[in-house]
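A quick write-up on the structure given underneath.
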Number of protein chains: 2
Amino acid sequence: MLKANEAATMDVAQIMSDMGGRARAAARPLAIASSDQKNKALLAMAEALEARVPEILAANEEDLERGRANVLSAALMDRLMLDEKRIAGIASGIRSIAALEDPVGSVIAEWERPNGLQIERVRTPLGVIGVIYESRPNVTADAGALCLKAGNAVILRGGSDSVDSSSAIHACLVEGLEAAGLPADAIQRVPVTDRAAVGEMLAGLQGNVDVIVPRGGRGLVERVKRDARVPVFAHLEGICHLYIDGSANLDMAREIAVNAKMRRTGICGAAETLLVDRAAAETHLVPILTALAEAGCAIRADNEVRKLYPQAATATEEDWRTEYLDAIISVRLVDGVGGAIEHIETYSSHHTEAIVAEEAHAVERFFNEIDSAILLHNASTQFADGGEFGMGAEIGIATGKMHARGPVGVEQLTSFKYRVRGNGQTRPS
Amino acid sequence: MLKANEAATMDVAQIMSDMGGRARAAARPLAIASSDQKNKALLAMAEALEARVPEILAANEEDLERGRANVLSAALMDRLMLDEKRIAGIASGIRSIAALEDPVGSVIAEWERPNGLQIERVRTPLGVIGVIYESRPNVTADAGALCLKAGNAVILRGGSDSVDSSSAIHACLVEGLEAAGLPADAIQRVPVTDRAAVGEMLAGLQGNVDVIVPRGGRGLVERVKRDARVPVFAHLEGICHLYIDGSANLDMAREIAVNAKMRRTGICGAAETLLVDRAAAETHLVPILTALAEAGCAIRADNEVRKLYPQAATATEEDWRTEYLDAIISVRLVDGVGGAIEHIETYSSHHTEAIVAEEAHAVERFFNEIDSAILLHNASTQFADGGEFGMGAEIGIATGKMHARGPVGVEQLTSFKYRVRGNGQTRPS
């Protein structure tokens, strides 16, 4: 591993280009590695992490010290901080990835043609994944392990704040790869903190990166989406809606609203806007807003809502377009499910939306006419998570419509190919 | 419809931007149109094509006349030419698309979580497809109909050679849309021949094009792949390989070789390189090459092959990288299936490869270790076609690994979303 100051004197473009070539070369043996071999590597990584706790904590202390000198915010310092428990959590996360079914080689579909050809569509790895992330050092392990499980090589580019912790964690991943006889280049970490390295990754490393996954704040995701010349799995924001239909059970609506907004306000599946059917304005609106306010939520509403609930602040047009990621919700009345669909199709970031309703027709319209990655009926938006979907660990949630949509887990990190079995068939002219 | 000379005085960027906006607006009603409504439109299109044969032929005569004045090649003139039979073929192609199952709304996967949440993954349209093609006027109808079936709006940009024919065919498609009460903007044709229009499409029309499909020669596909800022479904070339294992049945190998190379030499699934197991050099090589030569195929081989079959010309390094699309084949001996895999992974365009073998282990290695879209055992490479796969009409074949791979039919023109049904579930902290 190069020290940042040594590397700075080298040509970043050359370093990155070399990494791309090595990743591509590693991708081939990885693609045909057995499930046993990949799992052996993953378990060895978890063991290495546990065995090297003192080294990882010492490296983390270097990051924390630099963070204090740079006066990082308390939130950033908390993300950066590792302790024995967090390292154990990272190791256990890798063990859960080892326990997942291997997607590679699984048959997605099979059929026979009238001429006897037997066709199978089987999962294959995607190739080389580039992951660009900010300060959380655990992403190094999560992303590395998830890509390996799906048979992909990965190039990890973490933020400069966590460079020492990431480097120590990365050493454990390499130890696991080597213990299983897999190429160390399967999981590479960009050794330079120069931002030009990100630019090189976004340009695709001469065709040696197949997809980029950004993990971090809006600024990072925006830059990646704007500049990447290769496909990106990402969501810019989660402006998630909760719609309470006139037919909703009030108790259920109230519980779901409080959970969707307040369970954790900082995650992308947190509700940001509450839409209430005008038909339920007299019955449901005030009890739900009261429960939200009691849970500590600030309420910003249109004038119609404020007539019924004057404690609310006034919502502006900007509020409908805002992902608060905080204990704030915007509220408006709409004309039934049609009005909810109109609002959501206008303002949503197409991540996750939920409806609370007893009337089946309203649910079907909501499910059919809204084009978001995840739609829920009578359940909290906070279930928008690969683990909650039963998909295991996820590398992120995608709002794009190409290839992956919603939680991006091991299956979404694969492609497919066709295997066709014949007994001498030739095609007639 | 604007005449080219009128349009030339307008701002191409503005025209294209308006088309993008209208396509996006049309995509929403289209996404929720019923299968019946879409099929009604398709059948009305087919009827309109049959009813307007004289107008289409008159428009085609304009194109042909211009083609003669521009001294187009005989091949191009043939592609351009329409007659009553070809128009009937186009109409019948649209009727087959109407007969396909509607992919939109079909459930790809469903499962239940321990907490009772029922999760479905269902197909949705992709959105807006941009199709950029050359002189074949039938692509106007095929691509328009296929995109409509999958619930997508489409922007068609045909070559200037076929502008009048495409315009007449497009009028029939619009008639079909209107007969079914669907927005005419669902299938738009770029009304200007200015090449800047292609540049605007490749830039993505301000987020109003979700994927580009190029249909045409290498120059077009190369430009699209290089310049597109949105995903592309395409294959640049089909350098397809046929490998004859030592365990192959000779009669089968000979028939498959002649069919794979000679049935139609100009299609992307035609074999370009024949690899023969060194173990079969004495038994299989000469009979197969003799059959190919008798079928009219020119043979270019390495020196080892030429010792056994001196009639062959000498193959150079360049031959292994060449898609002849003609009655020429390159031939070399390899060390068993491992040697074949090495050659293919080095030179293939990852489109389609076939193995002829009786030995199961060789087949499994070929199927596992080669990363091409389509792999065949004991069958001709010329089956690489959406129709032959039972997928119905295709808009092309993709060699990329993101989203679509292999034949791109209606299913591949869709995305998906998750529908989650609960009964009041909230997520525990």
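Order of the sequence lines sets the chain letters (A, B, ...), proteins ahead of strands, with each chain counted from 1. Below, each value reflects all heavy atoms present in this structure, side chains not excepted, and no hydrogens, waters or symmetry copies.
- Between chain B and the residues A:Q118, A:E342, A:E120, the most heavy-atom pairs under 4.5 angstrom are made by A:E342.
- The two atoms that bring B:Y418 and A:P407 nearest to each other are CE1-CD, 4.0 Å, heavy atoms only.
- For chain B, the nearby part of A:S372 is the backbone; its heavy atoms alone come within less than 4.5 Å.
- Contacts of A:L126 with chain B are made by both backbone and side-chain atoms, with heavy-atom separations under 4.5 Å.
- With a threshold of 4.5 angstrom between heavy atoms, A:P125 approaches chain B through N, CA, C or O but not through any side-chain atom.
- With a 6.0 Å radius and a threshold of 12 heavy atoms from other residues, nucleotides or ligands, B:E101 has its CD atom at or below the threshold.
- Heavy atoms of A:L117 lying under 4.5 Å from chain B belong exclusively to its side chain.
- When heavy atoms are compared at a cutoff of 4.5 Å, A:E353 does not approach chain B at all.
- The closest donor-acceptor contact from the side chain of A:W111 to the backbone of B:F389 lies under 3.5 Å.
- Residue B:E358 does not touch chain A at all, counting heavy-atom pairs closer than 4.5 Å.
- A heavy-atom distance below 4.5 Å is not found between the side chains of B:N378 and A:R421.
- Listed options B:R229, B:R427, B:M402 were ranked by heavy-atom pairs under 4.5 angstrom with chain A; first place goes to B:R427.
- Closest of all the heavy-atom pairs between A:I341 and B:R28 is CG2-NH2, 3.5 Å.
- Judged purely by atom type and a 3.5 angstrom limit, A:K417 has no side-chain atom pairing as donor or acceptor with the backbone of B:R405.
- Residue A:I370 touches chain B through its backbone alone, counting heavy-atom pairs closer than 4.5 Å.
- Between the side chain of A:S415 and the backbone N or O of B:K401, at least one donor-acceptor pair lies under 3.5 Å.
- Heavy atoms of A:T426 lying under 4.5 Å from chain B belong to its backbone as well as its side chain.
- A:N115 touches chain B through its side chain: at least one heavy atom from C-beta onward sits under 4.5 Å away, while N, CA, C and O do not.
- Only the backbone of A:A373 has a heavy atom closer than 4.5 Å to any heavy atom of chain B.
- Within the 4.5 angstrom heavy-atom criterion, atoms from both the backbone and the side chain of B:I374 approach chain A.
- Residue B:D385 touches chain A through its side chain alone, counting heavy-atom pairs closer than 4.5 Å.
- Contact check for B:N368 versus A:R419: side-chain heavy atoms found under the 4.5 Å cut-off.
- Salt bridge status for A:R24 with B:E345: absent, with no side-chain N to carboxylate O gap under 4.0 Å.
- With a 4.5 angstrom heavy-atom cutoff, A:V211 touches chain B only via side-chain atoms.
- Taking B:H377, B:Q425, B:R263, B:E369 one by one and counting their heavy-atom pairs under 4.5 Å with chain A, the maximum is reached by B:R263.
- Rounding to the nearest 0.5 angstrom, the gap separating the CG atom in A:L376 from the CD1 atom in B:I119 is 8.5 Å.
- Considering every non-hydrogen atom in both B:G422 and A:A379, the closest pair reads CA-CB, 4.5 Å.
- Contact annotation for A:M391: only side-chain heavy atoms (C-beta onward) come within less than 4.5 Å of a heavy atom of chain B.
- Using a 4.5 Å cut-off between heavy atoms, A:R254 does not touch chain B at all.
- In this structure, the side chains of A:F383 and B:V420 stay at 4.5 Å or more apart for every pair of heavy atoms.
- Proximity to chain B (any heavy atom under 4.5 Å) is restricted, for A:A228, to the backbone atoms N, CA, C and O.
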